[in-house]
Amino acid sequence: MSENVVHLHKPTDPPAGTANVTTLTVVPDQAPPAPVPLWVRSGRAIKNGVTHEHTKATMRGIARHSLYTFNGGRIVARRTWDGRTGSRYERMIRAAEAAGNFELAQEWEERLQRFRAARHHRRMDLLHSPVDAAKGVAVGAGMGVGVLVALGVVMAINTGHVGDVITPLSATIDFIALLIRIVQVVWGPLLTIGPFLALLALWSVGRKQQAAPAWALSADVRSSEGEPITPSIVVKALRDLGISPLKTAIKEMGDAGASMLGPIRIAGCGVEVDVTLPSGVATDEVQKRRRKLAENLTRHEHEVFITIAEAARTVRLWIADSGALDEPIGPSPLVTDGTMTANYKTGKAPWGQDLRGDAAELSVYQRHLLVTGLSNQGKTAALRSLALWLALDRTVQFWIADLKGIGDWAMFDGIAQILIEGPSDDHVIQATEMVEDAVEEMNRRIEERRQDPTVVFEPLIVVVDEAQLAFMCPVVGEDKRPYGGAKATSRYFMAVRKIHNQGRAVDVLMWQGTQDPTDQNLPKLVREGAHTRASLVVGTESQSRMALGDKAVNGGAAPHLLRQGLDKGTLVVASDGITIPAGQASITVRTHFIDDEPAAEIAARAQALRDGVATLRVVDHTEERDALADVAAVIGDTARLRTDEVLKRLHALDTAVYREWNNGRLKRLLEEHGEEPKKSHGVMVVRRDDVARALANRDADGSASAVE
């Protein structure tokens, strides 16, 4: 049996009888490149030299300074012509007619007539002036010679020399001859240098006015931001907005649109100017082009604010210095002035600065407050700074619900009678019940006011921070009524509405802070019930209208154009409690930021003004309460407290339980345990030691004083 062997490897040795063949490939050398012609190299060198940046800068400099001189001559000629003719008045008349202001046109026409009459009078005087001038010269010369001769006579009498009579006259002639020789010497160089001095003067005028095309200006001027705002820059920015009637009207104005502008005034860290728009141009057309106007003024959008002025067809432009709005405004007076006090009725809280750099102060007297904006933009800080100032008025009571619950309001422990902190549904329920208790307090005050119209109540400020959680709460109570929502069955919504309707009459006020407003988390009836409405940056124009109202937004308020993250603490405020320029519906305020540590120091000062406040951390609505323990709690560390103050604090602690309590009921409570109120300086008071002994007596007896 034969075996077939299959070889898997190709044999490397050539077969016998086959010669090895080596193939050589000859690669020729590359041909040398053809020489570049001289004219090509010369052209490249010329092109590089002409297009080089140094050459461009040099050519721009030559053109710029030449045009400064040429246009400076045009400016001087224009000014001279305006001064000698009535062209200036005619331009003003045409500009007033183009703007539709015929009264102003008539006034300028009257000025033109007066100018022409005065010019005619001067020209008529010129007919008689040669004769009058000749007579004047003759009389002057004769009087001069006479005075000199008289002086020579006096000198001759003094010296005894008759020749001295002509000495003054001779000295005068020599002096005149000297002046003539000086003029002869100077005249030649003056004729040579004079034209150069004249050109230098024209160049200076042109340079001051930047009278050269933009391409010829230096790079730093062409690309710089924050150049000084001048009338020509404002008019050019308005002309280039893309509004055809405005552009046409500016072209038709003889003064190139300058008559549209009021005076440019320094206003804080920027300037302010009123622009009277020509007929056919609406103010909202300019407002809609805020970004384009800002860029035409070499500013960022957030550095230009457009509001509607009081006069018809007039917009007010506030233009910030470049980068000025990114600078901090400094600490609050609450931090720097340790002696500052507050007055709820007559005082104003130092909230920050307006765009003009003036102090922005807010009156909170009988005004409900709403602060809104996107998250983490300074809403709580703005709201808390107002509360810290008001806490320095010892008569003001605070009920606070912080539904964020991270300690932003912790410094009010010992100041606020109620302090709820937390984001859960249970905390929202407690906050809702707190607001409902405020409604009960309001009703009690109203009833008491009916019986005694002269009664004065201590202000009660009900603060709910992060109120959107209350409106969005899904919990439904045992009575089948939801805590959240915006319907008539919503407990929180209806409680806030009731306080908005009647609370200010008895100084029960609602302060709310909410974020990212919508119709769901900030119902229309609630937001419109606030007297002071303030908004940080929001996302859309519709949210700006929710926050501030249509009137403020139509008047130029634009919190949706603020920069998220960069404009923290900047509020757009619509309120009659803050000074707003005439004709405007809102004002932009850069609020002071008070950090937690200085806030705690301010709160400590406020707490020292009070007689001790036992802050209730959780609203307790159980059916039974330990009345004696509650009395001890509201007295706190105070040695003694007036009985009416004890009753007020009990009522604030639980309105439903202590609504009907009076001095007699409080007296009976203490008498049950062997104590009773006593007088101090003619006023009934409850002593802390007496209450402590009453508690000890009760514990010894094993009894408890519970109320239902």
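What's counted below: heavy atoms across the whole structure, side chains too, no hydrogens, waters or symmetry copies. For the single chain, residues carry numbers from 1 onward in sequence order.
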Criterion side-chain hydrogen bond (donor to acceptor under 3.5 Å, both in side chains) on Q468 and D516, from CA distance to verdict = CA-CA 9 Å; Q468 75 278 356; D516 201 10; over 6 Å; no
Is R290 positioned over the aromatic face of F305, cation under 6.0 angstrom from the ring centre and no more than 45 degrees off axis?
->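 Judged by the rule (NZ or CZ under 6.0 Å from the ring centre, within 45° of its axis), R290 counts as positioned above F305.
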Interatomic spacing from [atom1] in [X] to [atom2] in [Y] - rounded to 0.5 Å:
{"X": "C473", "Y": "I429", "atom1": "SG", "atom2": "CD1", "value": "6.0 Å"}
{"X": "S575", "Y": "I587", "atom1": "OG", "atom2": "CD1", "value": "10.5 Å"}
{"X": "L297", "Y": "R299", "atom1": "CG", "atom2": "CZ", "value": "7.0 Å"}
{"X": "D576", "Y": "L362", "atom1": "CG", "atom2": "CG", "value": "9.5 Å"}

When you check the side-chain N and O atoms of W409 and E421, is any donor under 3.5 Å from an acceptor?
->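 Short answer, no.
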Only pairs at least two apart or in different chains count here, so list each ring pair (Phe, Tyr, Trp, His ring centres under 6.0 Å) that has a residue in residues 549-569.
->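 Found none.
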Taking every non-hydrogen atom, the tightest pair across [X] and [Y]:
{"X": "I578", "Y": "A360", "answer": "CD1-CB, 4.1 Å"}
{"X": "S544", "Y": "P559", "answer": "OG-CG, 3.3 Å"}
{"X": "L403", "Y": "A431", "answer": "CD2-CB, 4.1 Å"}
{"X": "D393", "Y": "A342", "answer": "CB-O, 3.7 Å"}
{"X": "T540", "Y": "S542", "answer": "OG1-OG, 2.9 Å"}

Would you check, one step at a time, whether the test side-chain hydrogen bond (donor to acceptor under 3.5 Å, both in side chains) holds for E361 with W351?
-> CA-CA 5 Å; E361 299 178 330; W351 211 7; over 6 Å; no
List the residues meeting side-chain hydrogen bond (donor to acceptor under 3.5 Å, both in side chains) with [X], not counting sequence neighbours, and say none if there are none.
{"X": "R394", "result": "D611"}
{"X": "R533", "result": "none"}
{"X": "S424", "result": "H427"}
{"X": "Y344", "result": "D507"}

Going by the salt bridge (charged side-chain N to carboxylate O under 4.0 Å, His left out) test, name the single residue among D465, D596, D402 that passes it with R384.
->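 Running salt bridge (charged side-chain N to carboxylate O under 4.0 Å, His left out) over D465, D596, D402 with R384 returns exactly one hit, D596.
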List in chain and number order the residues that pass salt bridge (Lys or Arg N to Asp or Glu O under 4.0 Å) with D567, two or more places apart in sequence or in another chain; answer none if no residue qualifies.
->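 D567: salt bridge (Lys or Arg N to Asp or Glu O under 4.0 Å) contacts with R563.
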With [X], which residues qualify under side chain to side chain contact (heavy atoms under 4.5 Å, CB included), at least two apart?
{"X": "T489", "result": "P482, K487"}
{"X": "R605", "result": "M340, L392, I602"}
{"X": "P231", "result": "L261, I264"}
{"X": "H368", "result": "I499, H500, R504, L509, M510, H531"}

May I ask you to decide whether E466 forms a salt bridge with K379, counting only side-chain N to carboxylate O separations under 4.0 Å?
->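 Looking at E466 and K379, the cut-off is met.
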If only atom types and distance count, is the side chain of N343 paired as donor or acceptor with the main-chain N or O of T346 below 3.5 Å?
->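 Looks like yes, one N/O pair under 3.5 Å.
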Whether D354 side chain and D358 backbone form a donor-acceptor pair below 3.5 Å =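 Yes, the answer is positive, given that a donor and an acceptor are paired below the 3.5 Å cut-off.
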Going by heavy atoms in the side chains, are T372 and L536 under 4.5 Å from each other?
->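 Heavy-atom side-chain distance check fails, nothing below 4.5 Å.
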Is there side-chain contact between W511 and V462, with at least one heavy-atom pair below 4.5 Å?
->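 Answer no - side chains too far apart.
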Side chain to side chain contact (heavy atoms under 4.5 Å, CB included) between L369 and L386, worked out = CA-CA 10 Å; L369 175 66; L386 293 177; 3.6 Å; yes
In a table with atom names and distances, give each donor-acceptor pair under 3.5 Å that connects a side chain of residues 239-247 to protein atoms at least two apart or in another chain.
{"unit_1": "D240", "atom_1": "OD2", "unit_2": "K236", "atom_2": "NZ", "d": "3.3"}

Quick one: do L571 and T588 satisfy side chain to side chain contact (heavy atoms under 4.5 Å, CB included)? Show the steps, please.
-> CA-CA 6 Å; L571 286 166; T588 301; over 6 Å; no
For E272 and I229, what are the C-alpha separation, side-chain angles and deciding distance, and is it a side chain to side chain contact (heavy atoms under 4.5 Å, CB included)?
-> CA-CA 10 Å; E272 188 176 71; I229 299 299; over 6 Å; no
E458 and T395: CA distance, side-chain angles, deciding distance, side-chain hydrogen bond (donor to acceptor under 3.5 Å, both in side chains) verdict = CA-CA 6 Å; E458 292 185 343; T395 65; 5.9 Å; no
Side chain to side chain contact (heavy atoms under 4.5 Å, CB included) between K524 and M546, intermediate numbers included | CA-CA 7 Å; K524 180 178 180 180; M546 292 178 189; over 6 Å; no
For F471, all residues meeting ring-ring contact (aromatic ring centres under 6.0 Å, His included), sequence neighbours excluded |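 Counting only residues at least two positions away or on another chain, F471 forms a ring-ring contact (aromatic ring centres under 6.0 Å, His included) with Y492.
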Identified side-chain contact (heavy atoms from CB on, under 4.5 Å) partner of I306 from the options L293, I319, D284 =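 Result for side-chain contact (heavy atoms from CB on, under 4.5 Å) with I306: L293.
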Option from T432, D426, V428, D425 for which side-chain contact (heavy atoms from CB on, under 4.5 Å) with V475 holds |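 The side-chain contact (heavy atoms from CB on, under 4.5 Å) with V475 is passed solely by D425 among T432, D426, V428, D425.
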